[in-house]
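Beneath this line is the structure, given in structure tokens, with notes to follow.
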Amino acid sequence: MVDRNLIREFNIDEEDFEAQFASLTNAAAKDMGVAELEEGETWDFDDLIVDSAKEFDAGKILAGHVIRVEGDDVLVDVGYKSEGVVPLSDWEDGEPPPEPGQSIEVLLEEVEDSSGLVLLSKKKASRIRSWEVVISKYKEGDVVSGAVVRKIKGGLLVDIGVNVFLPASQVDIRRPADIGDYIGRTIECVILKIDEARRNIVVSRRKLIEDNREKMKRDLLSKITIGEIRKGMVKNIADFGAFVDLGGIDGLLHITDMSYGRINHPSEMVKIDDEIEVMILNVDTDREKIALGLKQKFPSPWAVVSEKYPVGTKITGEVVNVMSYGAFVKLEEGIEGLVHISEMSWTKRVNHPSELVAIGDKVEVVVLGISKEKQEISLGMKQTQANPWDNVAGKYPVGQIVTGTVRNLTNYGAFIEIEEGIDGLLHVSDMSWTRKISHASEMLQKGEKVTCQVLSVDQERKRIALGLKQLQNDPWSTTIPEKYAPGAVVTGTVTKLTNFGVFVELEPSLEGLLHISELADKKVENPEEVVKVGDQIEVRILRVDINDRKIGLSRKLSGPIEPEPKAAGGGGGGGTPGAGGGDSSAPREELKGGTSGTSGPLFTMDSPAPVAAPEPEVAPEPEAALEPEIEPEPETAAE
């Protein structure tokens, strides 16, 4: 409100006063950012004060002018009643320093702090303006480019006008060992997410690479053909091969397709980031897999292996690997053969190939077989020497007496080494004429020297049968029938009780059967009622069966002995085979006879009559001689 009386008192022209007042208020309004009045308009100062106060809320961006620089502070006039203070550090390195009168934008952080100062920030105002530009320019899914400025927890900060977050998992397809290596590099990324409320942007370089590779992969799969040569970059190496980036898709270069020769690890042939040329071996478009080959670019040495190394060829090679089943020998680069453990020596018993050869040894071998399809060669070391089995029949004829060492004991016999690499089998049935042997260890010990007779020689099957009892006459055809004639009374020792009778030892290794019906004049239900193991008893010889090597006994010391009925064909009973003109090939009847007025069989299986004494079980006699089991020879050679 204007006091007109005051104007008249100072003798001021009203029109001049109005003009001067309008000029001053317009200048003040301009400083406060308020539009000037048109001619004839008047100011409402209450509204002007309220509008001016609204412009100075904290968090607003204001325009100001640099007044001066005082130490580390820059005083800026933003139209408030007092100057604002901006830290000098808000000016970045390399940015021109503030000059008085320079126009800048600042963010009002606090109208009046505890010291009454107006706190401003040029840096924060610049960030907000940059954010607004980025938000208006980009959206989610857009590709942006920026420099990696620094490494933070969980990823990197990339400057695209504002700092955006690149998670470590999104830096590359395979997470790098140190993402800090990307600092200072300019990279392209795709915007994954924009959070306007928090002013945060998340970007991904990995997704951009994957999208580009997917396009390149589809293009590559539509053009690639088997057999063509392509360049690629080695991206990863594993024990089984290397992965090669062909430009959009990785192919596998397997270790077996790197070289025709032997390699222990793919790193011997390629290194990561090596650029190599490979041949396309196979393409699986459905599974998006490509098989690559390096050695296929060159001719295969196996193409002429049959002509170069025909069967029977003697050649010197180098041992490159030793396995439990044999040794691999390199004949030339890319050509290896297997010497099976069974082809290493004619005479030595080889438990492991390392007993004869070691990696790096030079050995002479003979080619035994070739499989070009499987790329395998079978080799032999023993074939370079004479086979001692070729002369064994002449050296050890049937009937010859030989001395050897017990090498192994089994339930069916003993293996006797008669010379290095030449074993014969002494079967349990050929150890004793009279003793029933269940295991060879009952007669012999490992390492014992023993003299035997050669019974048979199978040179083709490399077997020799030996006999120990054949060194003596058969007592069953000489002394036993004479010493133990039917009716003779002898003393023996009870060795075993059974439900059908008692075994009595007449002399060492010679037993007879005392049937339960011959234990006493009365009926006996259990032999233990009459005798016990170890008892010395007198018995009478009833019968001696030379063919079955059995002796029938009785405790009934008196009374007649029933004669054995004649066999069909007129043969006499109870004597030697063929006695009485009988046919010796006719089946023998069971041993019969007794002292009770009956002529039933002495040994019978009919119930309820007691059965005859069975012989102890003896392993069936094998053909000639059995050699120890040998691991079956694999197909030629396995690489």
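Here the structure is a predicted model, which is why all the values come from computation and not from measurement.
You'll find the side chain of D257 stays beyond 4.5 Å of the side chain of M279, heavy atoms only. Using a 4.5 Å cut-off on side-chain heavy atoms (C-beta onward), F165 and I201 make no contact. Contact check for S324 versus H352: side-chain heavy atoms found under the 4.5 Å cut-off. With contacts defined as side-chain heavy-atom distances shorter than 4.5 Å, the pair V144/V164 does not qualify. Looking at I187 and L166, their side chains come closer than 4.5 Å, going by heavy atoms from C-beta outward. Within the 4.5 Å cutoff, no side-chain heavy atoms of S300 are placed close to those of V305. Using a 4.5 Å heavy-atom cutoff, the side chains of I67 and V76 are not in contact. Counting heavy atoms from C-beta outward, S89 and D72 have side chains that stay 4.5 Å or more apart.
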| query | For Y182 and D172, what are the C-alpha separation, side-chain angles and deciding distance, and is it a side-chain contact (heavy atoms from CB on, under 4.5 Å)? | reply | CA-CA 11 Å; Y182 284 81; D172 207 339; 3.5 Å; yes
| request: Kindly determine whether V78 and L120 satisfy side-chain contact (heavy atoms from CB on, under 4.5 Å), including the steps that lead there. | output: CA-CA 10 Å; V78 292; L120 307 174; 3.8 Å; yes
| Would H265 and I237 count as a side-chain contact (heavy atoms from CB on, under 4.5 Å) if you check the C-alpha gap in whole Å, the side-chain angles of each, and the deciding distance to 0.1 Å? | CA-CA 9 Å; H265 196 271; I237 296 177; 3.9 Å; yes
| Would V365 and T384 count as a side-chain contact (heavy atoms from CB on, under 4.5 Å) if you check the C-alpha gap in whole Å, the side-chain angles of each, and the deciding distance to 0.1 Å? | CA-CA 7 Å; V365 293; T384 60; 5.6 Å; no
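In terms of heavy-atom proximity, I179 sits nearest to P176 at CG2-CG, 3.8 Å. Nearest heavy-atom pair across V134 and I160 is CG2-O, 4.1 Å. Taking each heavy atom of G261 and E333 in turn, the nearest pair found is CA-OE2, 3.7 Å. Contact record, K382 with S342: NZ-O, 2.9 Å, taken as the closest heavy-atom pair. The shortest non-hydrogen separation linking G232 to L246 is CA-CD2, 4.4 Å. The minimum heavy-atom distance linking R349 with D423 is given by the pair NH1-OD2, 3.4 Å.
Checking side-chain atoms of E364 against main-chain N and O of K314 turns up no donor-acceptor pair under 3.5 Å. Judged by distance alone, the side chain of W346 and the main-chain N or O of Q385 form a donor-acceptor pair under 3.5 Å. Y260 places a side-chain N or O within donor-acceptor distance of the main-chain N or O of F298, the cut-off being under 3.5 Å. A donor-acceptor pair under 3.5 Å is formed between the side chain of D361 and the backbone N or O of A358. Judged by distance alone, with hydrogens and angles left aside, the side-chain atoms of D178 form a donor-acceptor pair with the main-chain N or O of G180 at under 3.5 Å. No side-chain donor-acceptor contact under 3.5 Å links E343 to the backbone of H340. Between the K193 side chain and the N200 main chain, no donor and acceptor come within less than 3.5 Å of each other. A donor-acceptor distance shorter than 3.5 angstrom exists from the side chain of N212 to the backbone of L208, with no hydrogens or angles considered. In terms of modelled atom types and a separation under 3.5 Å, the side chain of K271 and the main chain of V234 share no donor-acceptor contact. Under the 3.5 Å distance criterion, the side-chain polar atoms of R206 are left unmatched by any main-chain donor or acceptor of Q170.
The residues E210 and R213 are annotated as not salt-bridged, no charged nitrogen and carboxylate oxygen being separated by less than 4.0 angstrom. Using a cut-off of 4.0 Å between Lys/Arg side-chain N and Asp/Glu carboxylate O, K137 and D142 are scored as not salt-bridged. Note on R174 versus D250: salt bridge recorded, some NZ/NE/NH1/NH2 to OD/OE distance being below 4.0 Å. The residues K348 and E355 are annotated as not salt-bridged, no charged nitrogen and carboxylate oxygen being separated by less than 4.0 angstrom. Between D211 and K207 there is a salt bridge, with a side-chain nitrogen of the basic residue lying less than 4.0 Å from a carboxylate oxygen of the acidic one.
Atom CG of N321 sits about 12.5 Å away from atom NZ of K330, to the nearest 0.5 Å. To the nearest 0.5 Å, atom CD1 of residue I377 and atom CD1 of residue I335 are 5.5 Å apart. Distance check: M233 CE to D273 CG gives 6.0 Å after rounding to the nearest 0.5 Å. To the nearest 0.5 angstrom, I315 atom CD1 is 4.0 Å from Y309 atom OH. One distance of note links CG of D245 with CG of N236; it measures 11.5 Å at 0.5 Å rounding. For the atom pair L107 CG and R129 CZ, the distance stands at 9.5 Å (nearest 0.5 Å).
For H254, the NE2 atom is densely surrounded, since the number of other residues' heavy atoms within 6.0 Å is greater than 12. The environment of K124 atom NZ is sparse: at most 12 non-hydrogen atoms of other residues, nucleotides or ligands sit within 6.0 angstrom. Around atom CZ of R198, no more than 12 heavy atoms belonging to other residues, nucleotides or ligands sit under 6.0 Å away. Other residues, nucleotides and ligands contribute at most 12 non-hydrogen atoms within 6.0 Å of the NZ atom of K223.
For the pair K372 and W302, the cation-pi test (distance below 6.0 Å, angle within 45°) is failed.
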